[in-house]
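First the structure, in the form of structure tokens, and then the observations on it.
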Amino acid sequence: MINLKDVFLLDFKYLETFSNRVETPWGSIFCNESQSNYYDANHAHIFDSVKNPELIIDEVKEFYNSRGIIPRFYIYNLDAQKGLIDQLKLNDFDFEELINPVQLWEGKFLKQKEDNAISIELVTKKNYSEALNIECSISEFGGKEVREKAFEIEFNHPNFIHYLLRYNGIACATACIFTIGNQARMESVATLEEYRGRGLIGELICYIQEEVAKKKLTNLWVFPINEKIEKVYQKYGFKTVAKLKMGHAFLGGKSIKEIQG
């Protein structure tokens, strides 16, 4: 049985690599003042039902407003959060419900056709700019403004390993794994638009699965942003083990659904 607390722990450890975590009696506040437009780095997270929601909302608004950041909440356990959600709407927050799939690799390897045009390598200082250019081209990652700084942090962090795929020598796809203990999480899976539809992401996923197996990591997780991507990962041995229902409240800017397209 999947322990969702382990999933959340992995998620928080991932967020802590690029955002400062502030613990409160009611939840956690993540903040990165140098990247105020990086949404994932700047959210208050609330899991359990709360008393005095108005006080919490005021606390979060004051925290982010004092830093020039739009106040935003991720809210879990929605059935127990009606009071908080109603109060957020009274405070002019927009609200959306999200369903986030959680997928776990079942450990099976999909046999790929050998293609001599494809090569995969680690991202190093030598090919850093090529990998960065790919990820900056992906609007879902936040574009150049967000991804440029985030990629630098990840590249220099010991828990991230980035991979670059070339097709006929041209850098055209990237992905990375983030590891904590014996757990791995696949992130930043991206392909240049003109190279999509050729199965290159599948090649990269299979390569990463082999690397995870070599490192004898227990689990490889992925958190797809929508159903379409969820189905892609299912083709490569990932099983959907949970669908997390959560709320997103925000006092300005784009919704998560808008960002994800």
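Count residues from 1 along the sequence.
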ask   = So, the side chain of Asn127 versus the backbone of Thr124: is there a donor-acceptor pair under 3.5 Å, distance only?
value = yes
inquiry  = I'd like to know if Glu121 and Lys126 make a salt bridge, using a cut-off of under 4.0 Å between side-chain N and carboxylate O.
reply    = no
key: Atom of Arg196, atom of Thr191 and distance for their closest heavy-atom approach   = NE-O, 2.9 Å
note = Tightest non-hydrogen contact, residues Cys136 and Glu148, listed as SG-N, 4.1 Å
key: Geometric cation-pi criterion Arg67 and Phe63, 6.0 Å radius, 45° cone   = yes
request  = With side chain to side chain contact (heavy atoms under 4.5 Å, CB included) as the test, would you mind laying out the steps for Asn100 and Met246 before giving the verdict?
outcome  = CA-CA 8 Å; Asn100 289 347; Met246 59 189 286; 2.8 Å; yes
message = Applying ring pair (Phe, Tyr, Trp, His ring centres under 6.0 Å) to Phe250 and Phe93, what does each step give before you reach the verdict?
response = CA-CA 5 Å; Phe250 53 107; Phe93 279 80; 8.4 Å; no
query = Would a line drawn from the ring center of His45 to the ring center of Tyr74 be shorter than 6.0 Å?
reply = yes
remark   = All heavy atoms of Thr174 vs all of Glu135, minimum pair found to be OG1-OE2, 3.2 Å
query = If every non-hydrogen atom of Glu203 is compared with every non-hydrogen atom of Ile120, which pair is closest and at what distance?
reply = O-CD1, 3.7 Å
More than 12 heavy atoms of other groups within 6.0 Å of Gln234 CD = yes
remark   = Correct closest heavy-atom pair for Leu217 and Gly181 would be CD2-O, 3.8 Å
query = So do Ile69 and Cys31 actually touch side chain to side chain, heavy atoms under 4.5 Å?
reply = yes
message = Are Phe160 and Phe12 connected into the same hydrophobic cluster when the rule is that any two of I, L, V, M, F, W, Y join if their side-chain heavy atoms are below 4.5 Å apart?
response = yes
query = Quick one: do Glu210 and Lys214 make a salt bridge, cutoff under 4.0 Å?
reply = no
Lys89 and Asp94 ion-paired at < 4.0 Å = no
query = So do Leu220 and Met186 actually touch side chain to side chain, heavy atoms under 4.5 Å?
reply = yes
request  = Tell me whether Phe73 is reachable from Tyr39 by hopping between hydrophobic residues (I, L, V, M, F, W, Y) whose side-chain heavy atoms are closer than 4.5 Å.
outcome  = no
query = Any link between Val241 and Leu10 through a network of hydrophobic side chains (Ile, Leu, Val, Met, Phe, Trp, Tyr) touching at under 4.5 Å?
reply = yes
key: Candidates Glu187, Glu152, Glu154 - the one meeting salt bridge (Lys or Arg N to Asp or Glu O under 4.0 Å) with Arg147   = Glu154
message = Using side chain to side chain contact (heavy atoms under 4.5 Å, CB included), reason through Cys176 and Ile161 one step at a time and then give a plain yes or no.
response = CA-CA 5 Å; Cys176 76; Ile161 304 173; over 6 Å; no
query = Mind checking whether Ile153 and Leu164 sit in one hydrophobic cluster, side chains of I, L, V, M, F, W, Y counted as touching below 4.5 Å?
reply = no
key: Chi angles and distances behind the side chain to side chain contact (heavy atoms under 4.5 Å, CB included) call for Tyr195, Ile170   = CA-CA 10 Å; Tyr195 285 91; Ile170 298 173; 3.2 Å; yes
request  = Report the relative orientation of the aromatic rings in Phe18 and Tyr38; use parallel for angles under 30°, tilted for 30 to 60°, perpendicular for over 60°.
outcome  = parallel
task = Please answer: with hydrophobic residues joined when any side-chain heavy atoms are less than 4.5 Å apart, are Leu55 and Ile57 in the same cluster?
result = no
inquiry  = For a ring pair (Phe, Tyr, Trp, His ring centres under 6.0 Å) check, start with the C-alpha distance between Phe151 and His162, then their side-chain angles and the critical distance, and finish with the verdict.
reply    = CA-CA 10 Å; Phe151 190 81; His162 286 264; 4.8 Å; yes
key: Carboxylate-amine/guanidinium contact Glu59 Lys61, below 4.0 Å   = no
task = Side-chain contact test, heavy atoms from C-beta onward, threshold under 4.5 Å: evaluate it for Phe223 versus Val7 and give yes or no.
result = yes
request  = Please test Asn20 against Phe30 for side chain to side chain contact (heavy atoms under 4.5 Å, CB included), starting from the C-alpha separation and ending with a verdict.
outcome  = CA-CA 5 Å; Asn20 295 316; Phe30 284 89; over 6 Å; no
message = Between Lys243 and Glu230, is the salt bridge (Lys or Arg N to Asp or Glu O under 4.0 Å) condition met? List the steps.
response = CA-CA 11 Å; Lys243 292 207 173 185; Glu230 178 187 5; 3.5 Å; yes
task = Grab the two heavy atoms, one from Leu192 and one from Ser137, that are nearest each other, plus how far apart they are.
result = CD2-OG, 3.7 Å
query = Does one side chain, of Gln103 or Trp221, offer a donor that lies under 3.5 Å from an acceptor on the other?
reply = no
key: Heavy-atom donor-acceptor pair, Thr24 side chain to Trp26 backbone, under 3.5 Å   = yes
message = Let me confirm one number: the OG-CG distance from Ser19 to Asn42, rounded to the nearest 0.5 Å.
response = 5.5 Å
task = Validate the cation-pi geometry between Arg72 and Tyr64: distance from NZ or CZ to the six-membered ring centre under 6.0 Å, angle to the ring axis within 45°.
result = no
Arg21/Glu23 ion pair, N-O < 4.0 Å = yes
key: Inter-residue atom distance Ile46.CD1 - Ile85.CD1, 0.5 Å rounding   = 10.0 Å
remark   = In this structure, OG1 of Thr179 is separated from OH of Tyr14 (nearest 0.5 Å) by 13.0 Å
Side-chain donor or acceptor of Gln35 paired with backbone N/O of Val146 under 3.5 Å = yes
key: Asn91 side chain to Leu251 backbone, donor-acceptor under 3.5 Å   = no
Expected output: side-chain Asn52 to main-chain Glu54 donor-acceptor under 3.5 Å = no
